[in-house]
Amino acid sequence: MPQVDYSLYLVTDSTPAILGDRDLVEVVEAALEGGVTLVQYRDKVSDTGLLVSTARKLHAVTKKHNVPLLINDRVDVALAIGCEGVHIGQDDLELSAARKLLGKDAIIGVTVSSIEEAVAACKDGADYLGVGTMFATGTKTNTKDIIGTAGTKSILSAISDLGKDVRTVSIGGINASTLQRVLYQSSAPTKSLDGVAVVSAIIAAQDPKKAASELLFLVKTPPPFAAASLANTSKSTTAVDLIKQVPSVIKDVGEKMPLSHNMTNLVVQNFAANVALAVGGSPIMANYGEEAADLSKLGGALVINMGTVTPDGLLNYSKALKAYNLAGGPVVFDPVGGGATAVRRAAVKTLLAAGYFDVIKGNEGEIKTVFGTVVQQRGVDSGASTSTAFEKATLVRDLAARERNVVVMTGAVDFVSDGERTFAVSNGHELLGRITGSGCVLGTTISIMAAVCKGDKLLSALAGLLHYEIAAEIASERADVKGPGTFVPALIDELYNLQKATSEGNVKWLEKAKVEAVDFS
Ligand SMILES: *[C@@H]1O[C@H](CO)[C@@H](O)[C@H](O)[C@H]1NC(C)=O
Ligand SMILES: *[C@@H]1O[C@H](CO)[C@@H](O)[C@H](O)[C@H]1NC(C)=O
Ligand SMILES: *[C@@H]1O[C@H](CO)[C@@H](O)[C@H](O)[C@H]1NC(C)=O
Ligand SMILES: *[C@@H]1O[C@H](CO)[C@@H](O)[C@H](O)[C@H]1NC(C)=O
């Protein structure tokens, strides 16, 4: 049997809400013309006679396009029409029984939503797994099965160890706006999804052929926010090499003056705008989500700061996040006080499901919240830590690997990781903890670096950290700095001075950098 192409897997739905008054066979044929690579006929309500006659018509068109047809659940229907296989759910006929009836060449897929189910299906001889549910959908409201990209990734990791060549597709509410991120973020180091299964994104589309060809294009193309990083095959791995690259990032900022588009947090607006200007960026404050589509095209970066959360604000953030993801503009997430209240914890979840964050920056409590560890934060302050440096580094690395992005955890020692490279940064000054908004403006600084350094997000975060924290060290040593009040203007001065010096080729300040790779062995 020829290799099955799982790239774009169409699952049919004949309910009027999805199909409308159109003819299913015609819709499927249009989708095949658009490039669908596999079709599953799914109909839970029609009686057997109608199932068989529709399946037979569908098989005629799939054969014409050389695409396998699978039947949902009904092995008898598959046998009756002689199609290529079946797809079975957890409550359907057992895999071994289906195999016995259909033979070894049939394609048999199984729906799984946990590691246990996935491992069992692989051992029982499934050809592929439909892994989900990715997102809640109107038709499937069983939220317990919503596993997202993180759950999908853990399933992929678990089955990659079994040494069986079982293919995987993600299913559940995937459409053109989420597809690339689903493939990118679900990917485990040793196993990636082979494709996506879609229902309404094609069946309910006005033009199923066009929808299919657009989706297929998206499957084959890296997401805009990851393209530069994926293409960079010469990323530095050591602290020394990365530090050597920092001046070129800062210099680039000076030349390009990237936009730092800020959303929210009214507490430190003025300070953040001054910092953005001092490090060489152009600040813009715009909380209205509709504006983001235009702003995202200006080559800058977005900072989403959860300083204040309202349902209205969340909608605006989600809109802006999607716009920047689409334009490939970096987005920095600052989950301020993420663990403080139930509302904030829910907001963190909503935002993580709404789009891709290139960088997540927070203190220990905030990073723990984003990871999903239950923490009770007092206000937005970091509070005392009970974790060891190794535990913090591990958490940062694991979150970055899960989200496939860069995570920065601030503290007396900062940790930064992209899931593969993890560094401890011991720069900064105690006075930074005595002024309001110092963490927030670090987010602004990193966003500005990220805008000019898409080829290595970890490098951009490191450049932002070093620029900001070494400026703080230099400022704190100035004779005119007597405490937090005089520190703030001095910090802004020194951020500016470092930008200027670096642009003129003077990088002596970087000798102060204290960056060390974390050894996990
Ligand atoms: C795409 O899917 C997501 C997640 O299910 C949903 O929130 C969004 O509204 C969908 N977009 C379109 C255009 O249907
Ligand atoms: C790749 O990453 C390195 C740093 O790790 C950086 O110096 C270089 O500019 C990046 N290359 C591209 C093409 O982005
Ligand atoms: C910029 O973003 C920071 C968060 O990083 C936020 O606190 C501040 O209010 C924003 N201000 C401006 C002027 O953009
Ligand atoms: C979000 O955008 C709406 C317009 O849709 C605007 O009226 C509102 O002020 C914004 N909310 C926040 C919290 O920024």
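Whatever order the structure lists ligands and atoms in, that order sets their numbers, starting from 1.
- Every atom of ligand 2 with a heavy atom of Gly455 under 4.0 Å away is listed here by number and element: 14 (O).
- Among all non-hydrogen protein atoms, the one lying nearest atom 14 (O) of ligand 1 is Asn175 ND2, 3.2 Å.
- For the pair Glu473/Glu494, no side-chain contact is recorded, criterion being any heavy-atom separation below 4.5 Å from C-beta on.
- With a 6.0 Å radius and a threshold of 12 heavy atoms from other residues, nucleotides or ligands, Lys209 has its NZ atom at or below the threshold.
- Closer than 4.0 Å to atom 2 (O) of ligand 1 lies at least one heavy atom of the protein.
- Of all protein heavy atoms, the one closest to atom 4 (C) of ligand 1 is Phe135 CG, 3.8 Å.
- For Phe390 and Phe520, the gap between ring centers is short of 6.0 Å.
- With Asn427 contributing its side chain and Leu466 its backbone, the two residues share no donor-acceptor pair below 3.5 Å.
- Of all the atoms in ligand 2, the ones that sit under 4.0 Å from a non-hydrogen atom of Lys235 are 2 (O), 5 (O).
- Per-residue contacts place Ser177 under 4.0 angstrom from the following atoms of ligand 1 (heavy atoms of the residue considered): 1 (C), 11 (N).
- Taking the six-membered ring for Trp and thresholds of 30 and 60 degrees, Tyr128 and Tyr6 have ring planes inclined between 30 and 60 degrees apart.
- Applying the 4.0 Å criterion to heavy atoms of Gly173 picks out, from ligand 1, the atoms 2 (O), 4 (C), 5 (O).
- Close approach of ligand 2 to Leu459 (heavy-atom distance below 4.0 Å) involves ligand atoms 4 (C).
- Near Ser236, meaning under 4.0 Å from one of its heavy atoms, ligand 2 places the atoms 4 (C), 5 (O).
- Counting heavy atoms only, Asn232 comes closest to atom 11 (N) of ligand 2 of the residues Thr237, Asp456, Asn232.
- The residue from Val408, Thr422, Val515 that alone fulfils the side chain to side chain contact (heavy atoms under 4.5 Å, CB included) condition with Val416 is Val408.
- In terms of heavy atoms, Leu242 sits closest to Leu459 at O-CD1, 3.5 Å.
- Heavy-atom minimum distance, Val518 versus Ala424: CG2-N, 3.9 Å.
- Per-atom contact check: atom 9 (O) of ligand 1 does not touch the protein, criterion being a heavy-atom distance below 4.0 Å.
- Closest protein heavy atom to atom 7 (O) of ligand 1: Lys322 NZ, 4.9 Å.
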